[in-house]
Protein chains: 2
Amino acid sequence: MTSRDLTEPAYRALAATLRARIAEGRYRGGVRLPTESELSEEFGLSRQTVRRAFQDLVAEGAVYRVPGRGTFATEGSGRYLRQLGSIEDLMNLSADTTMEVVSPPRRQVDLDAAGRLRLDTDLVYRMAFRRYHDGTPFVLTTVWWPEAVARLVMDSPDVAAGASSTHTMIGLLEPHLRRPIVEAAQSITVASADAEVAAQLDCPVGHSMLRVDRLYSDADGSVVELAVSHFLPEHYTYRVTLRRSGN
Amino acid sequence: MTSRDLTEPAYRALAATLRARIAEGRYRGGVRLPTESELSEEFGLSRQTVRRAFQDLVAEGAVYRVPGRGTFATEGSGRYLRQLGSIEDLMNLSADTTMEVVSPPRRQVDLDAAGRLRLDTDLVYRMAFRRYHDGTPFVLTTVWWPEAVARLVMDSPDVAAGASSTHTMIGLLEPHLRRPIVEAAQSITVASADAEVAAQLDCPVGHSMLRVDRLYSDADGSVVELAVSHFLPEHYTYRVTLRRSGN
DNA sequence: CGTTATTTGTGCGTATGTATT
DNA sequence: AAATACATACGCACAAATAAC
(Lines give C-alpha, C1' and ligand atoms only; values in the text may rest on other atoms or scores of the structure.)
Protein backbone atom coordinates (compact mmCIF):
# COMPACT_ATOMS: atom_id res chain seq x y z
CA MET A 1 0.00 0.00 0.00
CA THR A 2 1.34 3.43 -0.85
CA SER A 3 0.28 5.23 2.29
CA ARG A 4 -0.31 8.88 1.62
CA ASP A 5 1.20 11.40 4.04
CA LEU A 6 -1.40 12.32 6.57
CA THR A 7 0.42 15.37 7.90
CA GLU A 8 2.00 17.54 5.28
CA PRO A 9 5.40 18.96 6.18
CA ALA A 10 5.32 22.63 7.10
CA TYR A 11 7.48 23.72 4.19
CA ARG A 12 5.21 21.99 1.70
CA ALA A 13 2.12 23.47 3.23
CA LEU A 14 3.71 26.90 2.98
CA ALA A 15 4.75 26.30 -0.63
CA ALA A 16 1.17 25.31 -1.45
CA THR A 17 -0.18 28.45 0.21
CA LEU A 18 2.23 30.64 -1.72
CA ARG A 19 1.39 28.84 -4.96
CA ALA A 20 -2.26 29.62 -4.33
CA ARG A 21 -1.56 33.27 -3.61
CA ILE A 22 0.46 33.57 -6.77
CA ALA A 23 -2.24 31.89 -8.87
CA GLU A 24 -4.75 34.29 -7.33
CA GLY A 25 -2.70 37.12 -8.84
CA ARG A 26 -1.66 38.74 -5.62
CA TYR A 27 1.90 39.34 -6.79
CA ARG A 28 1.19 40.26 -10.38
CA GLY A 29 3.04 43.11 -12.04
CA GLY A 30 6.40 42.97 -10.31
CA VAL A 31 5.04 43.11 -6.77
CA ARG A 32 7.52 41.65 -4.34
CA LEU A 33 6.51 38.59 -2.35
CA PRO A 34 6.84 38.80 1.43
CA THR A 35 10.40 38.46 2.66
CA GLU A 36 11.65 35.39 4.45
CA SER A 37 11.37 37.11 7.82
CA GLU A 38 7.84 38.28 7.11
CA LEU A 39 6.66 34.80 6.18
CA SER A 40 8.53 33.33 9.08
CA GLU A 41 6.60 35.73 11.30
CA GLU A 42 3.22 35.22 9.59
CA PHE A 43 3.26 31.43 9.66
CA GLY A 44 5.21 30.93 12.85
CA LEU A 45 8.00 29.07 11.07
CA SER A 46 11.74 29.48 11.13
CA ARG A 47 13.43 31.30 8.33
CA GLN A 48 15.06 28.01 7.31
CA THR A 49 11.72 26.38 6.77
CA VAL A 50 10.54 29.33 4.70
CA ARG A 51 13.67 29.01 2.61
CA ARG A 52 12.98 25.33 2.06
CA ALA A 53 9.55 26.20 0.67
CA PHE A 54 11.07 28.78 -1.66
CA GLN A 55 13.56 26.25 -2.96
CA ASP A 56 10.70 24.18 -4.32
CA LEU A 57 8.96 27.19 -5.83
CA VAL A 58 12.17 28.27 -7.53
CA ALA A 59 12.71 24.75 -8.88
CA GLU A 60 9.18 24.77 -10.34
CA GLY A 61 9.78 28.12 -11.95
CA ALA A 62 6.95 29.71 -9.99
CA VAL A 63 9.17 32.45 -8.52
CA TYR A 64 12.63 33.86 -8.95
CA ARG A 65 14.77 35.47 -6.29
CA VAL A 66 17.29 38.28 -6.40
CA PRO A 67 19.66 38.82 -3.48
CA GLY A 68 19.06 42.19 -1.89
CA ARG A 69 15.87 42.83 -3.86
CA GLY A 70 13.44 40.10 -2.98
CA THR A 71 11.33 37.31 -4.40
CA PHE A 72 9.04 37.74 -7.40
CA ALA A 73 6.40 35.64 -9.08
CA THR A 74 7.28 34.44 -12.55
CA GLU A 75 4.79 36.25 -14.69
CA GLY A 76 2.37 33.95 -16.49
CA SER A 77 3.23 30.94 -14.36
CA GLY A 78 0.07 30.93 -12.32
CA ARG A 79 -2.53 31.73 -14.91
CA TYR A 80 -4.06 29.72 -17.72
CA LEU A 81 -0.77 28.84 -19.36
CA ARG A 82 -0.34 25.34 -18.10
CA GLN A 83 3.07 23.99 -17.38
CA LEU A 84 4.02 21.90 -20.36
CA GLY A 85 7.10 19.85 -20.85
CA SER A 86 6.54 17.43 -18.02
CA ILE A 87 5.81 13.75 -18.38
CA GLU A 88 2.45 14.34 -16.78
CA ASP A 89 1.40 16.42 -19.75
CA LEU A 90 2.53 13.80 -22.17
CA MET A 91 0.47 11.21 -20.38
CA ASN A 92 -2.65 13.37 -20.29
CA LEU A 93 -2.19 14.69 -23.79
CA SER A 94 -5.43 13.31 -25.04
CA ALA A 95 -8.16 15.27 -23.32
CA ASP A 96 -9.56 16.59 -26.58
CA THR A 97 -8.75 13.74 -28.93
CA THR A 98 -10.10 10.24 -29.48
CA MET A 99 -8.01 7.14 -29.90
CA GLU A 100 -9.12 4.28 -32.12
CA VAL A 101 -7.37 0.91 -32.13
CA VAL A 102 -6.39 0.00 -35.69
CA SER A 103 -4.44 -3.12 -34.91
CA PRO A 104 -4.74 -4.85 -31.54
CA PRO A 105 -1.71 -6.12 -29.58
CA ARG A 106 -0.04 -9.03 -31.32
CA ARG A 107 2.97 -11.04 -30.40
CA GLN A 108 5.72 -10.89 -33.02
CA VAL A 109 9.42 -10.96 -33.69
CA ASP A 110 10.95 -7.56 -34.38
CA LEU A 111 14.67 -7.18 -34.03
CA ASP A 112 14.75 -3.44 -34.31
CA ALA A 113 11.98 -2.80 -31.81
CA ALA A 114 13.40 -5.36 -29.40
CA GLY A 115 16.76 -3.67 -29.59
CA ARG A 116 15.32 -0.27 -28.85
CA LEU A 117 13.45 -1.72 -25.90
CA ARG A 118 16.81 -3.16 -24.78
CA LEU A 119 15.49 -6.69 -24.60
CA ASP A 120 17.58 -9.83 -24.87
CA THR A 121 14.85 -11.62 -26.81
CA ASP A 122 13.49 -10.61 -30.22
CA LEU A 123 9.96 -11.09 -29.04
CA VAL A 124 7.78 -8.01 -28.68
CA TYR A 125 4.13 -7.06 -28.73
CA ARG A 126 2.95 -4.52 -31.21
CA MET A 127 -0.23 -2.53 -31.54
CA ALA A 128 -1.30 0.50 -33.55
CA PHE A 129 -3.94 3.18 -33.20
CA ARG A 130 -5.10 6.37 -34.79
CA ARG A 131 -5.96 9.57 -33.02
CA TYR A 132 -8.73 11.88 -34.19
CA HIS A 133 -9.31 15.53 -33.72
CA ASP A 134 -12.45 17.17 -35.01
CA GLY A 135 -13.40 14.00 -36.83
CA THR A 136 -10.23 13.63 -38.91
CA PRO A 137 -7.39 11.27 -38.12
CA PHE A 138 -4.15 13.22 -37.72
CA VAL A 139 -1.72 10.71 -36.27
CA LEU A 140 -0.94 7.02 -36.47
CA THR A 141 0.92 5.60 -33.50
CA THR A 142 2.57 2.21 -33.28
CA VAL A 143 3.67 0.97 -29.88
CA TRP A 144 5.89 -1.94 -28.89
CA TRP A 145 6.01 -3.56 -25.46
CA PRO A 146 8.18 -6.17 -23.81
CA GLU A 147 6.20 -9.30 -23.09
CA ALA A 148 5.99 -8.65 -19.35
CA VAL A 149 4.42 -5.27 -19.94
CA ALA A 150 2.07 -6.47 -22.66
CA ARG A 151 0.60 -9.04 -20.31
CA LEU A 152 -0.64 -6.25 -18.05
CA VAL A 153 -2.96 -4.72 -20.64
CA MET A 154 -3.60 -7.43 -23.23
CA ASP A 155 -7.00 -8.20 -21.82
CA SER A 156 -8.13 -4.64 -21.37
CA PRO A 157 -11.14 -3.72 -23.51
CA ASP A 158 -9.35 -0.47 -24.36
CA VAL A 159 -6.91 -2.28 -26.67
CA ALA A 160 -9.38 -4.51 -28.53
CA ALA A 161 -9.66 -4.00 -32.29
CA GLY A 162 -11.84 -1.01 -33.08
CA ALA A 163 -12.01 0.19 -29.46
CA SER A 164 -12.16 3.92 -28.83
CA SER A 165 -11.03 5.82 -25.77
CA THR A 166 -9.75 9.24 -24.80
CA HIS A 167 -6.69 8.06 -22.90
CA THR A 168 -3.09 7.56 -23.89
CA MET A 169 -1.66 4.07 -23.96
CA ILE A 170 1.00 4.99 -21.48
CA GLY A 171 -1.63 6.49 -19.21
CA LEU A 172 -3.58 3.22 -19.32
CA LEU A 173 -0.43 1.26 -18.68
CA GLU A 174 1.10 3.10 -15.77
CA PRO A 175 -1.34 2.15 -13.00
CA HIS A 176 -0.48 -1.51 -13.65
CA LEU A 177 3.26 -1.09 -13.35
CA ARG A 178 5.29 -1.88 -10.27
CA ARG A 179 7.56 1.12 -10.63
CA PRO A 180 6.48 4.56 -11.82
CA ILE A 181 7.48 5.89 -15.21
CA VAL A 182 9.99 8.68 -14.65
CA GLU A 183 11.44 9.41 -18.04
CA ALA A 184 10.34 9.82 -21.62
CA ALA A 185 13.07 10.23 -24.22
CA GLN A 186 11.71 11.70 -27.40
CA SER A 187 13.27 12.20 -30.76
CA ILE A 188 11.56 14.18 -33.44
CA THR A 189 12.32 14.15 -37.10
CA VAL A 190 10.82 14.21 -40.56
CA ALA A 191 9.79 11.00 -42.33
CA SER A 192 7.85 9.98 -45.43
CA ALA A 193 4.49 8.28 -45.14
CA ASP A 194 4.75 4.57 -45.90
CA ALA A 195 1.83 2.54 -47.25
CA GLU A 196 0.29 1.87 -43.85
CA VAL A 197 0.54 5.45 -42.64
CA ALA A 198 -0.83 6.76 -45.93
CA ALA A 199 -3.76 4.37 -45.83
CA GLN A 200 -4.70 5.08 -42.25
CA LEU A 201 -4.35 8.85 -42.45
CA ASP A 202 -5.64 9.24 -45.98
CA CYS A 203 -2.63 11.01 -47.45
CA PRO A 204 -0.36 10.24 -50.41
CA VAL A 205 2.46 7.75 -49.96
CA GLY A 206 5.70 9.68 -49.54
CA HIS A 207 3.99 12.64 -47.90
CA SER A 208 6.26 14.45 -45.40
CA MET A 209 5.27 13.58 -41.86
CA LEU A 210 6.41 14.70 -38.43
CA ARG A 211 7.75 11.57 -36.80
CA VAL A 212 7.98 11.39 -33.00
CA ASP A 213 9.64 8.45 -31.25
CA ARG A 214 9.15 8.07 -27.53
CA LEU A 215 10.90 5.69 -25.20
CA TYR A 216 9.34 5.48 -21.75
CA SER A 217 11.45 4.21 -18.86
CA ASP A 218 10.78 3.50 -15.20
CA ALA A 219 12.92 4.44 -12.20
CA ASP A 220 15.14 1.41 -12.72
CA GLY A 221 15.93 2.42 -16.27
CA SER A 222 13.93 -0.43 -17.78
CA VAL A 223 12.22 0.57 -20.99
CA VAL A 224 8.48 0.09 -20.67
CA GLU A 225 7.21 1.21 -24.06
CA LEU A 226 8.41 2.35 -27.44
CA ALA A 227 5.96 4.51 -29.35
CA VAL A 228 6.44 5.81 -32.88
CA SER A 229 3.95 8.38 -34.12
CA HIS A 230 3.51 9.83 -37.59
CA PHE A 231 1.70 13.16 -37.53
CA LEU A 232 0.17 14.99 -40.47
CA PRO A 233 2.04 18.29 -40.28
CA GLU A 234 -0.97 20.10 -41.71
CA HIS A 235 -2.94 19.21 -38.60
CA TYR A 236 -0.39 19.11 -35.88
CA THR A 237 2.48 21.06 -34.37
CA TYR A 238 4.56 19.67 -31.58
CA ARG A 239 4.85 22.09 -28.66
CA VAL A 240 7.00 21.99 -25.54
CA THR A 241 7.70 24.66 -22.99
CA LEU A 242 11.02 24.36 -21.24
CA ARG A 243 11.55 25.96 -17.87
CA ARG A 244 14.72 26.86 -16.15
CA SER A 245 15.48 24.09 -13.69
CA GLY A 246 16.48 24.18 -10.05
CA ASN A 247 18.89 26.37 -8.05
CA MET B 1 28.92 44.23 -14.71
CA THR B 2 27.71 40.68 -14.31
CA SER B 3 30.45 39.39 -12.07
CA ARG B 4 30.94 35.68 -12.42
CA ASP B 5 31.26 33.68 -9.22
CA LEU B 6 34.90 33.25 -8.45
CA THR B 7 34.47 30.69 -5.69
CA GLU B 8 31.93 27.98 -6.26
CA PRO B 9 29.77 27.19 -3.23
CA ALA B 10 30.73 23.97 -1.50
CA TYR B 11 27.41 22.27 -2.18
CA ARG B 12 27.67 22.95 -5.89
CA ALA B 13 31.21 21.68 -6.04
CA LEU B 14 30.08 18.51 -4.29
CA ALA B 15 27.12 18.11 -6.65
CA ALA B 16 29.49 18.45 -9.60
CA THR B 17 31.81 15.84 -8.17
CA LEU B 18 28.97 13.42 -7.63
CA ARG B 19 27.64 14.08 -11.12
CA ALA B 20 31.05 13.18 -12.48
CA ARG B 21 31.22 9.99 -10.44
CA ILE B 22 27.80 8.98 -11.64
CA ALA B 23 28.68 9.69 -15.26
CA GLU B 24 31.79 7.61 -14.79
CA GLY B 25 29.52 4.68 -13.96
CA ARG B 26 30.63 4.19 -10.41
CA TYR B 27 27.10 3.63 -9.11
CA ARG B 28 25.73 1.61 -12.00
CA GLY B 29 23.52 -1.39 -11.38
CA GLY B 30 21.75 -0.43 -8.18
CA VAL B 31 24.89 0.35 -6.20
CA ARG B 32 24.15 2.72 -3.36
CA LEU B 33 25.82 6.12 -3.32
CA PRO B 34 27.74 7.07 -0.18
CA THR B 35 25.53 8.10 2.70
CA GLU B 36 25.25 11.67 3.86
CA SER B 37 27.56 11.02 6.80
CA GLU B 38 30.15 9.34 4.61
CA LEU B 39 30.23 12.25 2.16
CA SER B 40 30.23 14.71 5.03
CA GLU B 41 33.29 12.90 6.34
CA GLU B 42 35.02 12.52 2.96
CA PHE B 43 34.67 16.16 1.92
CA GLY B 44 34.85 17.79 5.33
CA LEU B 45 31.39 19.31 4.99
CA SER B 46 28.42 19.30 7.30
CA ARG B 47 25.60 16.89 6.65
CA GLN B 48 23.40 19.88 5.80
CA THR B 49 25.67 20.94 3.01
CA VAL B 50 25.73 17.42 1.63
CA ARG B 51 21.93 17.40 1.73
CA ARG B 52 21.84 20.64 -0.21
CA ALA B 53 23.93 19.08 -2.95
CA PHE B 54 21.59 16.11 -3.12
CA GLN B 55 18.58 18.40 -3.47
CA ASP B 56 19.98 19.62 -6.77
CA LEU B 57 20.80 16.14 -7.98
CA VAL B 58 17.30 14.95 -7.13
CA ALA B 59 15.77 17.94 -8.91
CA GLU B 60 17.82 17.13 -12.01
CA GLY B 61 16.73 13.54 -11.90
CA ALA B 62 20.30 12.31 -11.55
CA VAL B 63 19.55 10.39 -8.36
CA TYR B 64 16.60 9.25 -6.29
CA ARG B 65 16.57 8.74 -2.57
CA VAL B 66 14.74 6.28 -0.34
CA PRO B 67 14.52 6.90 3.40
CA GLY B 68 16.20 4.11 5.29
CA ARG B 69 17.78 2.62 2.19
CA GLY B 70 19.98 5.22 0.61
CA THR B 71 20.61 7.21 -2.53
CA PHE B 72 20.79 5.69 -6.01
CA ALA B 73 21.77 6.91 -9.43
CA THR B 74 18.93 7.09 -11.90
CA GLU B 75 19.88 4.41 -14.38
CA GLY B 76 20.72 5.70 -17.84
CA SER B 77 21.09 9.30 -16.72
CA GLY B 78 24.85 9.36 -16.65
CA ARG B 79 26.06 7.60 -19.74
CA TYR B 80 26.27 8.71 -23.33
CA LEU B 81 22.68 9.85 -23.46
CA ARG B 82 23.07 13.41 -22.39
CA GLN B 83 20.36 14.99 -20.36
CA LEU B 84 18.42 17.26 -22.62
CA GLY B 85 15.22 19.06 -21.98
CA SER B 86 16.24 21.93 -19.78
CA ILE B 87 16.72 25.50 -20.85
CA GLU B 88 20.33 25.22 -19.84
CA ASP B 89 20.83 22.57 -22.48
CA LEU B 90 19.18 24.69 -25.08
CA MET B 91 21.49 27.54 -24.24
CA ASN B 92 24.62 25.41 -24.28
CA LEU B 93 23.55 23.33 -27.23
CA SER B 94 26.50 24.32 -29.28
CA ALA B 95 29.49 22.73 -27.63
CA ASP B 96 30.26 20.66 -30.70
CA THR B 97 29.00 22.92 -33.44
CA THR B 98 30.14 26.20 -34.96
CA MET B 99 27.93 29.16 -35.66
CA GLU B 100 28.57 31.46 -38.62
CA VAL B 101 26.76 34.76 -39.04
CA VAL B 102 25.14 34.91 -42.47
CA SER B 103 23.28 38.15 -42.08
CA PRO B 104 24.16 40.58 -39.27
CA PRO B 105 21.51 42.32 -37.14
CA ARG B 106 19.50 44.81 -39.14
CA ARG B 107 16.67 47.05 -38.13
CA GLN B 108 13.49 46.39 -40.11
CA VAL B 109 9.72 46.41 -40.08
CA ASP B 110 8.15 42.97 -39.71
CA LEU B 111 4.57 42.75 -38.58
CA ASP B 112 4.51 39.04 -38.05
CA ALA B 113 7.72 38.88 -36.02
CA ALA B 114 6.73 41.95 -34.00
CA GLY B 115 3.42 40.32 -33.19
CA ARG B 116 5.03 37.12 -32.02
CA LEU B 117 7.40 39.16 -29.86
CA ARG B 118 4.28 40.88 -28.46
CA LEU B 119 5.55 44.35 -29.31
CA ASP B 120 3.41 47.41 -29.85
CA THR B 121 5.68 48.67 -32.60
CA ASP B 122 6.38 46.92 -35.90
CA LEU B 123 10.07 47.55 -35.53
CA VAL B 124 12.32 44.56 -34.93
CA TYR B 125 15.93 43.55 -35.44
CA ARG B 126 16.67 40.49 -37.49
CA MET B 127 19.79 38.41 -37.96
CA ALA B 128 20.53 34.98 -39.40
CA PHE B 129 23.24 32.41 -38.96
CA ARG B 130 24.15 28.91 -39.97
CA ARG B 131 25.40 26.17 -37.74
CA TYR B 132 27.96 23.59 -38.84
CA HIS B 133 28.69 20.13 -37.68
CA ASP B 134 31.61 18.20 -39.14
CA GLY B 135 32.12 20.87 -41.73
CA THR B 136 28.64 20.82 -43.25
CA PRO B 137 25.91 23.35 -42.49
CA PHE B 138 22.85 21.59 -41.13
CA VAL B 139 20.66 24.41 -39.84
CA LEU B 140 19.78 27.98 -40.71
CA THR B 141 18.45 30.06 -37.85
CA THR B 142 16.82 33.46 -38.08
CA VAL B 143 16.34 35.45 -34.89
CA TRP B 144 14.27 38.55 -34.17
CA TRP B 145 14.77 40.89 -31.22
CA PRO B 146 12.89 43.84 -29.80
CA GLU B 147 14.91 47.03 -30.16
CA ALA B 148 15.81 47.21 -26.47
CA VAL B 149 17.31 43.73 -26.59
CA ALA B 150 19.08 44.26 -29.90
CA ARG B 151 20.92 47.26 -28.46
CA LEU B 152 22.61 45.00 -25.92
CA VAL B 153 24.42 42.89 -28.49
CA MET B 154 24.51 44.95 -31.69
CA ASP B 155 28.10 45.97 -31.13
CA SER B 156 29.37 42.57 -30.10
CA PRO B 157 31.95 41.13 -32.51
CA ASP B 158 30.09 37.82 -32.28
CA VAL B 159 27.24 39.10 -34.44
CA ALA B 160 29.28 40.82 -37.16
CA ALA B 161 28.89 39.48 -40.70
CA GLY B 162 30.95 36.34 -41.18
CA ALA B 163 31.79 35.98 -37.48
CA SER B 164 32.14 32.49 -36.09
CA SER B 165 31.63 31.32 -32.55
CA THR B 166 30.63 28.23 -30.64
CA HIS B 167 27.95 29.88 -28.54
CA THR B 168 24.22 30.22 -28.94
CA MET B 169 22.70 33.65 -29.51
CA ILE B 170 20.58 33.33 -26.44
CA GLY B 171 23.62 32.30 -24.43
CA LEU B 172 25.45 35.42 -25.60
CA LEU B 173 22.44 37.54 -24.84
CA GLU B 174 21.54 36.41 -21.36
CA PRO B 175 24.42 37.89 -19.36
CA HIS B 176 23.38 41.34 -20.61
CA LEU B 177 19.77 41.06 -19.53
CA ARG B 178 18.38 42.51 -16.33
CA ARG B 179 16.14 39.54 -15.65
CA PRO B 180 17.02 35.89 -16.26
CA ILE B 181 15.47 33.89 -19.08
CA VAL B 182 13.24 31.30 -17.49
CA GLU B 183 11.13 29.91 -20.28
CA ALA B 184 11.49 28.73 -23.85
CA ALA B 185 8.32 27.84 -25.74
CA GLN B 186 9.07 25.67 -28.71
CA SER B 187 6.95 24.48 -31.55
CA ILE B 188 8.19 21.93 -34.00
CA THR B 189 6.77 21.18 -37.38
CA VAL B 190 7.63 20.32 -40.96
CA ALA B 191 8.27 23.05 -43.52
CA SER B 192 9.59 23.33 -47.07
CA ALA B 193 12.90 24.97 -47.76
CA ASP B 194 12.45 28.43 -49.25
CA ALA B 195 15.01 30.06 -51.51
CA GLU B 196 17.14 31.42 -48.68
CA VAL B 197 17.19 28.21 -46.70
CA ALA B 198 17.96 26.18 -49.80
CA ALA B 199 20.81 28.48 -50.77
CA GLN B 200 22.40 28.53 -47.34
CA LEU B 201 22.09 24.83 -46.65
CA ASP B 202 22.73 23.66 -50.19
CA CYS B 203 19.55 21.67 -50.68
CA PRO B 204 16.75 21.82 -53.27
CA VAL B 205 14.02 24.42 -52.88
CA GLY B 206 10.93 22.69 -51.50
CA HIS B 207 12.96 20.12 -49.56
CA SER B 208 11.24 18.95 -46.37
CA MET B 209 12.82 20.54 -43.33
CA LEU B 210 12.35 20.22 -39.61
CA ARG B 211 11.26 23.66 -38.47
CA VAL B 212 11.72 24.66 -34.83
CA ASP B 213 10.35 27.95 -33.49
CA ARG B 214 11.50 29.14 -30.10
CA LEU B 215 10.17 32.01 -28.07
CA TYR B 216 12.36 32.93 -25.11
CA SER B 217 10.83 34.83 -22.20
CA ASP B 218 12.28 36.33 -19.07
CA ALA B 219 10.93 36.07 -15.55
CA ASP B 220 8.54 38.95 -16.16
CA GLY B 221 7.01 37.22 -19.13
CA SER B 222 8.53 39.63 -21.65
CA VAL B 223 9.58 37.96 -24.85
CA VAL B 224 13.30 38.43 -25.39
CA GLU B 225 13.94 36.56 -28.63
CA LEU B 226 12.14 34.73 -31.39
CA ALA B 227 14.24 32.14 -33.20
CA VAL B 228 13.16 30.11 -36.21
CA SER B 229 15.43 27.28 -37.27
CA HIS B 230 15.26 25.09 -40.36
CA PHE B 231 17.11 21.82 -39.91
CA LEU B 232 18.13 19.36 -42.59
CA PRO B 233 16.38 16.21 -41.39
CA GLU B 234 19.12 14.08 -42.90
CA HIS B 235 21.61 15.58 -40.46
CA TYR B 236 19.59 16.34 -37.41
CA THR B 237 17.08 14.81 -35.04
CA TYR B 238 15.52 16.83 -32.30
CA ARG B 239 15.79 15.13 -28.92
CA VAL B 240 14.20 15.93 -25.59
CA THR B 241 14.11 13.92 -22.44
CA LEU B 242 11.18 14.64 -20.20
CA ARG B 243 11.42 13.84 -16.54
CA ARG B 244 8.76 13.40 -13.96
CA SER B 245 8.77 16.69 -12.12
CA GLY B 246 9.97 17.57 -8.66
CA ASN B 247 9.52 16.37 -5.09
C1' DC C 1 7.64 -10.76 15.80
C1' DG C 2 9.68 -7.02 17.99
C1' DT C 3 14.30 -4.61 18.54
C1' DT C 4 18.01 -2.13 16.95
C1' DA C 5 21.06 0.18 13.80
C1' DT C 6 21.23 2.74 9.62
C1' DT C 7 19.71 6.28 6.52
C1' DT C 8 17.00 9.89 4.90
C1' DG C 9 13.40 13.69 6.16
C1' DT C 10 11.83 17.69 8.83
C1' DG C 11 12.51 21.72 11.64
C1' DC C 12 15.01 25.08 13.83
C1' DG C 13 19.07 27.80 15.64
C1' DT C 14 23.29 30.52 14.66
C1' DA C 15 26.82 33.01 12.09
C1' DT C 16 28.62 35.21 8.16
C1' DG C 17 28.79 36.69 3.34
C1' DT C 18 27.02 39.19 -0.78
C1' DA C 19 23.96 41.95 -3.62
C1' DT C 20 20.75 45.72 -3.81
C1' DT C 21 18.62 49.83 -2.43
C1' DA D 1 27.50 54.24 4.69
C1' DA D 2 23.68 51.76 6.46
C1' DA D 3 19.80 48.87 6.13
C1' DT D 4 17.55 45.18 3.82
C1' DA D 5 17.15 40.65 1.75
C1' DC D 6 18.78 36.59 -0.03
C1' DA D 7 22.88 32.83 0.01
C1' DT D 8 25.96 29.75 2.18
C1' DA D 9 27.46 26.82 5.90
C1' DC D 10 27.38 24.53 10.13
C1' DG D 11 25.14 22.73 14.31
C1' DC D 12 21.54 19.95 16.79
C1' DA D 13 17.29 17.15 17.79
C1' DC D 14 13.88 14.16 16.55
C1' DA D 15 10.82 11.58 13.15
C1' DA D 16 10.05 8.00 9.71
C1' DA D 17 11.31 4.30 6.68
C1' DT D 18 14.11 0.31 5.91
C1' DA D 19 16.83 -3.67 6.78
C1' DA D 20 19.08 -6.97 9.60
C1' DC D 21 18.94 -9.59 13.68
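Throughout, protein chains are lettered first and strands after them, A, B, ... in sequence-line order, and every chain is numbered starting at 1.
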Q: Taking atom types as they are modelled, would you say the side chain of A/Gln48 forms a donor-acceptor pair with the base of C/dT14 within the 3.5 Å cutoff?
A: yes
Q: Both conditions, 6.0 Å and 45 degrees, for the charged tip of B/Arg65 above the ring of B/Phe54: are they met here?
A: yes
Q: What contact category does A/Tyr11 fall into here, base, sugar-phosphate, or nothing, at under 4.0 angstrom with non-hydrogen atoms?
A: sugar-phosphate
Q: Using a cut-off of less than 4.0 Å, is there contact between a side-chain N or O of B/Arg69 and OP1 or OP2 of D/dA19?
A: yes
Q: Searching all strands shown, indicate the nucleotide that pairs with D/dA1 (Watson-Crick or G-U wobble; both distances under 3.5 Å).
A: none
Q: Round to the nearest Å and state the distance from A/Gln55 atom CD to C/dT10 atom P.
A: 12 Å
Q: Quick check on C/dG11: is either OP1 or OP2 less than 4.0 Å from any side-chain nitrogen or oxygen of A/Thr49?
A: no
Q: Decide side-chain contact (heavy atoms from CB on, under 4.5 Å) for B/Met99 and B/Met169; before the verdict, give the C-alpha distance in whole Å, the side-chain angles of both, and the deciding distance to 0.1 Å.
A: CA-CA 9 Å; B/Met99 167 192 122; B/Met169 274 321 305; 3.9 Å; yes
Q: In whole angstroms, how far is the P atom of C/dT6 from the CG atom of B/Leu39?
A: 17 Å
Q: How many Å lie between CG on B/Leu57 and C1' on C/dT8, as a whole number?
A: 15 Å
Q: Need to verify one output field. Residue with the more 5' nearest nucleotide on DNA chain C, A/Ala10 or A/Pro67?
A: A/Ala10
Q: For B/Glu38 and C/dT8, give me the distance from atom CD to atom P, rounded to whole Å.
A: 8 Å
Q: Using atom OH of A/Tyr64 as one end and atom C1' of D/dA5 as the other, report the distance to the nearest whole Å.
A: 15 Å
Q: Output yes when at least one side-chain N/O atom of B/Arg65 is less than 4.0 Å from OP1 or OP2 of C/dT7, else no.
A: no
Q: State whether B/Arg21 and B/Glu42 are salt-bridged, where the test is any N-O pair (Lys NZ or Arg NE/NH1/NH2 against Asp/Glu carboxylate O) under 4.0 Å.
A: yes
Q: Is the shortest side-chain heavy-atom distance between B/Tyr125 and B/Arg106 below 4.5 Å?
A: no
Q: Write down the distance between CZ (B/Arg52) and C1' (C/dG11), rounded to a whole number of angstrom.
A: 17 Å
Q: Please report the distance, rounded to the nearest Å, between CG in A/Asp56 and P in C/dG9.
A: 12 Å
Q: At less than 3.5 Å, do the side-chain atoms of A/Arg47 and the base atoms of C/dG11 form a donor-acceptor pair?
A: no
Q: For a quick test of reading the model: is some side-chain N or O of B/Arg32 closer than 4.0 Å to OP1 or OP2 of C/dT7?
A: yes
Q: Using the closest heavy atom to pick a nucleotide of DNA chain C for each, name whichever of A/Val66 or A/Leu45 lands nearer the 5' end.
A: A/Leu45
Q: Using whole Å, report how far CZ of A/Arg51 lies from C1' of C/dT14.
A: 14 Å
Q: Report yes or no: do B/Thr49 and B/Ser46 form a side-chain donor-acceptor pair below 3.5 Å?
A: yes
Q: Please work out if B/Thr71 contacts a base, only the sugar-phosphate, or nothing of the nucleic acid, heavy-atom cut-off 4.0 Å.
A: sugar-phosphate
